[in-house]
Structures are given as structure tokens and as C-alpha cells.
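The structure under discussion appears below in the form of C-alpha cells.
Within every chain, numbering begins at 1; the chains are lettered A, B, ... in the order of the sequence lines, protein sequences first and strands thereafter. Basis for what follows: all heavy atoms, side chains included, without hydrogens, waters or symmetry-related copies.
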There are 2 protein chains.
Amino acid sequence: MSASMESSMFTPHKYFLAHISLDCVVFGFHENQLKVLLAKLKGRDEWGLPGGFVGIQETAEYAASRVLKERTGLDQVFLQQFYVFSDPDRGEQLKEVESLKAISGSAIDIEWFKQRFISIGFYALVEFSQVEPTPDVISDACQWWDLAEVSKLMLDHNLILQKALETLRLQLNYQPIGYNLLPATFTMPELQRLYEAILGKQLDRRNFHRKITGYGILKKLNERRTGVAHKAPDLYSFDLDKYHQALKEGLQGGW
Amino acid sequence: MSASMESSMFTPHKYFLAHISLDCVVFGFHENQLKVLLAKLKGRDEWGLPGGFVGIQETAEYAASRVLKERTGLDQVFLQQFYVFSDPDRGEQLKEVESLKAISGSAIDIEWFKQRFISIGFYALVEFSQVEPTPDVISDACQWWDLAEVSKLMLDHNLILQKALETLRLQLNYQPIGYNLLPATFTMPELQRLYEAILGKQLDRRNFHRKITGYGILKKLNERRTGVAHKAPDLYSFDLDKYHQALKEGLQGGW
DNA sequence: GCAAAAGTGTTGGCAATACACCCATGC
DNA sequence: GCATGGGTGTATTGCCAACACTTTTGC
């Protein structure tokens with residue numbers, strides 16, 4: 001975290017808009033599992049989503065990308081707002097004095113955290129291997145969690161995560177997904193595992209192949225993945241022109 | 001508007017969260033046209049969406065329904081957030097002194113309107129005939145506009161309207177729509193005109209009939225609309241149980 | 001009777017599903 | 001060679017779109 005960001009937490013009201021926060025649901029994909037990036041707040045046992053605040057001259061989108069850059073090291077990730085969480089009691093947990101003691105040592109403005117926040121939910125799709133999970137000044141850990149192993153999170157973050165996943169599943173119906181979650185080259189079975197992980201259900205190998213190639217967003221490379229057991233699968237990459245065109249114009253049909 | 005709401009505009013910082021506003025895109029349907037409710041701010045020539053602020057103990061959803069109640073007289077309308085507009089310059093127009101002179105006469109806190117607002121966009125579907133458009137303290141007119149006749153609106157409200165319409169069209173793909181926009185009983189052609197108005201394109205009468213009845217959300221009544229020229233069409237109403245079930249579980253296929 | 005609009009039925013094509021066969025690799 | 005997994009092809013089904021005929025009403 002930059003020096004200016006450090007100082008911004010001493011006097012946050014000078015740098016950020018009051019009452020507005022954002023939470024990022026960062027999805028990654030590794031070993032056939034959908035992962036989500038979580039941070040552990042100092043002095044609390046619970047984990048939560050990486051979050052932040054909106055600078056007085058930032059858009060919410062820019063603020064989210066800044067937070068993401070700080071937590072993952074990544075620029076230019078796929079990032080999209082999906083819902084606003086505005087229950088007046090959603091921050092009650094944080095207001096307990098005990099919860100804030102641990103972070104008060106670092107001269108951070110505790111009063112800032114006691115105000116009511118309306119939080120804008122963003123979700124991000126990132127390439128797992130490229131991420132360097134990094135805690136911020138108010139958290140003492142930051143790491144990937146298997147989606148299936150996420151238990152009770154702080155505040156309403158379980159709700160936010162659930163809503164993000166729902167949105168992602170809907171997204172799958174009219175937008176291509178994968179460029180942001182997979183390495184530059186990948187095999188058809190890997191792409192299928194990604195879709196299965198997001199949807200939470202098995203898909204037919206042959207029908208998946210037909211449907212996904214039908215979108216015309218894939219380029220088949222003249223290579224195969226070697227060294228694996230069994231038949232070597234073909235390698236693919238995304239045709240970025242057509243991929244972005246499909247992002248804009250939408251796809252047909254659902255899963 | 002209630003007396004307490006009046007006074008809340010004298011000292012809004014005591015009643016509302018700073019920096020957060022909301023704008024409502026209220027859709028109605030009348031004479032085969034999709035309509036949107038607009039208000040004209042005092043001292044300005046431009047029209048804009050009905051908006052408001054979030055009370056210090058309200059959810060954003062509750063605040064939107066309160067605003068809607070004030071502008072339309074309606075309770076219990078279909079209301080949904082769809083996007084957050086956070087460009088730091090989106091409020092520049094309002095900060096001009098001239099723009100605010102006209103409303104300063106009513107002892108309203110001008111400083112409040114000069115701050116930067118992040119606005120939560122809501123869209124509402126209401127029954128046209130039930131609405132009584134009502135201006136608020138800072139506007140001197142409030143009325144329905146034909147969607148096709150809406151020209152330049154204040155601030156970024158054209159963008160908000162466009163985004164609302166996009167969302168509504170997507171919504172049509174997986175949720176039933178109509179209960180909130182049509183009278184209790186209606187004919188199949190009327191329902192079709194509504195879909196056509198939302199989608200901005202013509203649909204085949206017979207395929208529409210099959211598809212919409214296939215959802216199982218309609219009840220055919222033992223009546224017809226009389227007095228009209230030509231063959232009397234059957235009257236329908238929504239089967240509310242199944243309608244709400246479909247709202248939750250979603251529909252199949254797109255338009 | 002005629003024009004205009006509404007109700008209903010039929011057909012063809014395309015897309016999703018289910019399923020079968022062959023191929024390559026590690027052991 | 002055999003088990004495992006990947007690549008490709010085919011038949012069936014069901015949905016969507018295009019289209020025709022009949023019925024009812026006002027004039």
C-alpha cells in the first residue's frame with residue numbers, strides 16, 4: 001500500500017466520501033475449484049470480503065479497481081458492480097468497541113468505521129496464478145478460499161457473496177466468461193470445469209464443446225497439453241476481438 | 001408531502017445520509033405507449049427523474065418507495081435497484097448558482113445540493129391510471145412523458161433512463177412483467193402491446209399467445225371486452241400465486 | 001357483405017439433449 | 001492391453017418462428 005493510502009486511513013474523512021463503502025467479491029479458478037479472495041480483519045476471528053471507500057474525486061468503479069490493485073497486484077481486471085447493500089443495521093458488528101480495539105493501535109481513525117455505510121458490491125474475475133494476495137492496514141491476512149469452504153463471514157458478506165454468485169450465473173447466459181479467469185491458453189475440459197464450477201452442476205462434454213465453439217470466441221491452437229495422463233487435449237485461447245464483441249452484443253441461449 | 005418531509009429539506013443533513021441520492025425511473029403504460037414519470041426542477045428548463053435521499057435509518061429500497069409514494073400516491077409498487085451512478089462530475093450542472101436560486105426562496109438548504117452525490121438508480125413499474133403525479137418542494141411540475149418524446153434531461157438522467165430500459169428488457173427474459181403495469185383485467189393484445197413497447201419491436205400474435213400462456217401465469221376470464229370495434233377479445237388476469245412463483249424461480253427463453 | 005381484429009392450428013427449421021464410437025496416453 | 005479421459009458424429013426431441021384459416025364485431 002502506498003504512503004498516501006496509509007495516511008488516508010489516519011484522516012479518512014479528508015480522502016473519502018462518508019457513508020459509502022464498496023466490497024469486492026474476487027473470483028478465481030484453481031484446481032477445478034472456484035475460489036474467492038478473503039481478508040481477516042485485525043482483532044476479529046471472522047473473515048470478510050476485501051473492501052474500501054470511494055475517494056472524493058473517484059468513480060465507484062475506479063475505487064474498486066484501486067482496492068483490487070492493492071489486494072491482488074492486478075490491473076485491468078474484469079470488474080462489475082452488481083448490487084447495493086443498504087440495511088441500516090448491516091454494520092452493527094463493526095461498531096462494537098472490542099472489534100475496533102485491535103486496529104486502533106495503528107492510529108487509524110476509529111470513528112470513521114463506526115458510521116453507517118451503504119456498500120456497493122462489485123465482483124471481479126481474475127486469473128488465480130497472477131494474484132498476490134496482500135492484506136491492508138486493517139487486516140492481518142488475505143488469501144484464497146475454496147467457495148465451498150467459506151463459512152460465516154463478517155457483517156453481511158455472506159449475502160454479498162451469494163448475490164455475486166447469482167449475478168455471475170446470470171451473466172453466463174448472455175456474456176462470455178473465462179478470459180479473465182483462465183490462463184492465456186487452456187484446454188476445453190478446463191474451460192468446461194470452470195463453467196461447471198460456476199453453475200454448480202455437470203455439463204455434457206460434447207454439447208459443451210459444440211455450444212462454446214458455436215459462439216466463435218475460441219481459437220484452436222496447433223498445440224496440445226503434453227505430460228498429462230491419457231489423451232493429450234487440444235489447447236485453445238480466446239479470440240479477443242470476437243470475445244469483446246460478444247461481451248458487448250451478448251450471447252444467445254442459457255445454461 | 002408530509003410536514004416532517006418539508007422540514008427535512010430545511011436541515012437535510014439531520015435526516016439524510018450525505019453523498020447518497022437515488023433516482024427513480026417510473027414506467028407506466030398507456031394507449032399502447034411506454035411512459036416515464038418526469039419532474040421539472042424549479043428555475044430550470046430541463047426535466048429530470050424523480051429522486052430523493054436515504055434517511056439515516058432507512059434502507060435505500062425503503063427510501064425509494066417513500067419517494068415513489070410521494071410522487072405517485074402509490075404503495076407497494078414493483079421497485080428494483082439496477083445501477084449506481086458515481087461519476088464525480090455528474091452533479092456539475094446543479095452546482096451552478098443560477099440553477100439553485102429559484103429553489104432557495106423556499107428556505108431550502110442550498111449547500112446540501114452542492115455536495116457530490118452518488119446516485120442509486122431504481123426502476124419502478126406502476127399502473128398508469130392509478131398514479132397521481134405530484135411535484136415535490138423543489139420541482140414545479142410532475143407528469144408522464146411518452147418514452148419516445150423524452151429529450152435532454154438534467155444531469156446524467158438520460159443515461160440513467162437508458163440503463164433502466166436496458167435492465168427492463170433483460171428482465172423480460174427471465175421474469176414475468178405486466179402485473180404492475182396493467183389494470184387487473186386486460187386482453188391478450190393489450191399485454192402484447194406492452195411487451196412490444198418495452199422491446200421496441202413487433203411480435204407475432206400467435207407465437208406471443210402460445211409463449212405467454214405457456215408460462216402458466218395467466219387466468220382466462222369468462223368475459224370479453226365489449227364495445228370495441230371488431231371481434232371482442234377475451235379478458236385475462238394474472239394468476240398471482242403462479243406469477244410470484246415465476247418471479248422467484250425465473251422463466252425460460254428470451255425475446 | 002366487408003373490413004378489421006381476434007382466436008386457434010400446422011409445419012419446418014434450428015438448437016439442445018442424449019448417446020456411441022474412436023483415439024491417444026500412462027501404467 | 002486396458003483403463004481413463006479427450007475428440008468427433010448422429011439421432012431425437014422440443015421449442016421457436018413463419019404462416020393460414022376461421023370467427024366475431026361495427027359499419
Side-chain angles (χ1 to χ4, degrees), chain A residues 31-32 169 172-174 176 178 182-183 185-199 201-237 246 249-255, chain B residues 31-32 169 172-174 176 178 182-183 185-197 199-237 246 249-255:
Chain A
E31 291 176 346
N32 291 343
R169 282 179 183 160
L172 224 50
N173 287 325
Y174 54 94
L182 293 172
T185 66
F186 50 90
T187 67
M188 191 60 75
E190 284 166 355
L191 183 59
Q192 184 177 340
R193 301 291 164 263
L194 169 61
Y195 271 72
E196 289 175 339
I198 293 174
L199 292 168
K201 69 178 180 188
Q202 306 256 81
L203 300 172
D204 182 275
R205 185 165 47 97
R206 294 148 290 194
N207 298 332
F208 179 81
H209 182 275
R210 192 189 350 245
K211 184 156 182 168
I212 207 85
T213 52
Y215 290 156
I217 56 172
L218 291 180
K219 278 192 300 192
K220 188 173 181 172
L221 307 178
N222 283 326
E223 298 175 68
R224 307 209 154 156
R225 170 135 310 162
T226 57
V228 292
H230 323 304
K231 181 170 180 177
D234 295 334
L235 281 174
Y236 289 84
S237 69
E249 298 173 8
L251 298 171
Q252 299 296 21
W255 300 92
Chain B
E31 291 176 345
N32 291 343
R169 283 178 183 159
L172 224 51
N173 287 326
Y174 53 95
L182 292 172
T185 66
F186 50 89
T187 67
M188 191 59 76
E190 285 166 354
L191 183 59
Q192 185 178 338
R193 300 293 164 263
L194 170 61
Y195 271 71
E196 289 176 338
L199 292 169
K201 69 178 181 189
Q202 306 256 79
L203 299 172
D204 182 276
R205 185 166 46 96
R206 297 147 287 194
N207 297 331
F208 179 81
H209 183 275
R210 178 144 18 101
K211 184 155 182 170
I212 207 84
T213 52
Y215 290 157
I217 56 172
L218 292 180
K219 278 191 302 195
K220 188 173 182 172
L221 307 178
N222 284 325
E223 297 174 70
R224 306 209 155 155
R225 171 136 310 163
T226 57
V228 292
H230 322 303
K231 181 168 180 177
D234 295 334
L235 280 175
Y236 290 83
S237 70
E249 298 173 8
L251 299 172
Q252 299 297 21
W255 300 91

Exercise for review: Find the distance B:Q192:CD to C:dA5:P and express it as a whole number of Å.
Suggested key: 13 Å

Review point. What is the distance from CZ of B:F208 to P of D:dC15, rounded to the nearest Å?
Key: 18 Å

Identify all pairs in which a protein N or O lies below 3.5 Å from an N or O of nucleotides 3-5 of chain D, and state each distance.
unit_1 : atom_1 : unit_2 : atom_2 : d
D:dT4  : O2     : A:H230 : ND1    : 2.8

Review point. Can you check the A:H209 NE2 to C:dC22 P distance for me, whole Å?
Key: 19 Å

**Study point:** For atom CG of B:L221 and atom C1' of C:dA6, their distance in whole Å
**Key:** 16 Å

Review point. What's the CG-C1' distance between B:L191 and C:dA6, to the nearest Å?
Key: 15 Å

What pairs of nitrogen or oxygen atoms, one from the protein and one from nucleotides 9-12 of chain C, lie under 3.5 Å apart?
unit_1 : atom_1 : unit_2 : atom_2 : d
C:dT10 : O4     : B:R210 : NH2    : 3.3

Check your understanding: Could you give the CD1-to-P distance, from A:I212 to C:dA15, as a whole number of Å?
Key -> 16 Å

Point to revise | Working for side-chain contact (heavy atoms from CB on, under 4.5 Å), residues B:L172 and B:R169 | key: CA-CA 5 Å; B:L172 224 51; B:R169 283 178 183 159; 5.6 Å; no

Study note, to complete from the structure: In this structure, CG of B:D204 is separated from NZ of B:K211 (nearest 0.5 Å) by 12.0 Å

Check your understanding: At under 4.0 Å, does any side-chain N or O of A:K220 touch on OP1 or OP2 of D:dT8?
Key -> yes

Practice item. Just do the side-chain contact (heavy atoms from CB on, under 4.5 Å) check on B:Y236 and B:I217 with the steps written out, would you? Key: CA-CA 10 Å; B:Y236 290 83; B:I217 56 172; over 6 Å; no

Review point. Are B:L218 and B:L191 close enough that some pair of their side-chain heavy atoms sits under 4.5 Å apart?
Key: yes

**Study point:** Nucleotide C:dA5, atom C1' - distance to CD of B:E190 in whole Å
**Key:** 13 Å

Point to revise | Helix axis bend for the helix from C:dG1-D:dC27 to C:dC27-D:dG1 - C1'-based end axes, five pairs, 10° rounding | key: 0°

Point to revise | Residues B:E196 and B:R193 bridged, charged N to O under 4.0 Å | key: yes

Study note, to complete from the structure: Nearest heavy-atom approach of A:T213 to A:M188 is CG2-CE, 4.1 Å

Exercise for review: Kindly determine whether A:L235 and A:T187 satisfy side-chain contact (heavy atoms from CB on, under 4.5 Å), including the steps that lead there.
Suggested key: CA-CA 5 Å; A:L235 281 174; A:T187 67; 3.9 Å; yes

Review point. Starting at the 5' end of DNA chain C, which residue's closest nucleotide do you reach first, A:R205 or A:G227?
Key: A:R205

Practice item. Quick one: closest heavy-atom pair of A:R225 and A:A232, and the distance? Key: O-CB, 3.2 Å

Exercise for review: Would you please test A:F186 and A:L194 for side-chain contact (heavy atoms from CB on, under 4.5 Å) and show each step?
Suggested key: CA-CA 11 Å; A:F186 50 90; A:L194 169 61; over 6 Å; no

Point to revise | Atom pair CG/NZ of B:L203 and B:K201 - distance to nearest 0.5 Å | key: 6.5 Å

Review point. To the nearest Å, how far apart are A:R224 CZ and C:dA24 P?
Key: 7 Å

Review point. Does a side-chain heavy-atom distance below 4.5 Å link A:N173 with B:Y174?
Key: no

Check your understanding: Between D:dG7, D:dT25, C:dA6, which nucleotide gets closest to the side-chain atoms of B:A232?
Key -> D:dT25

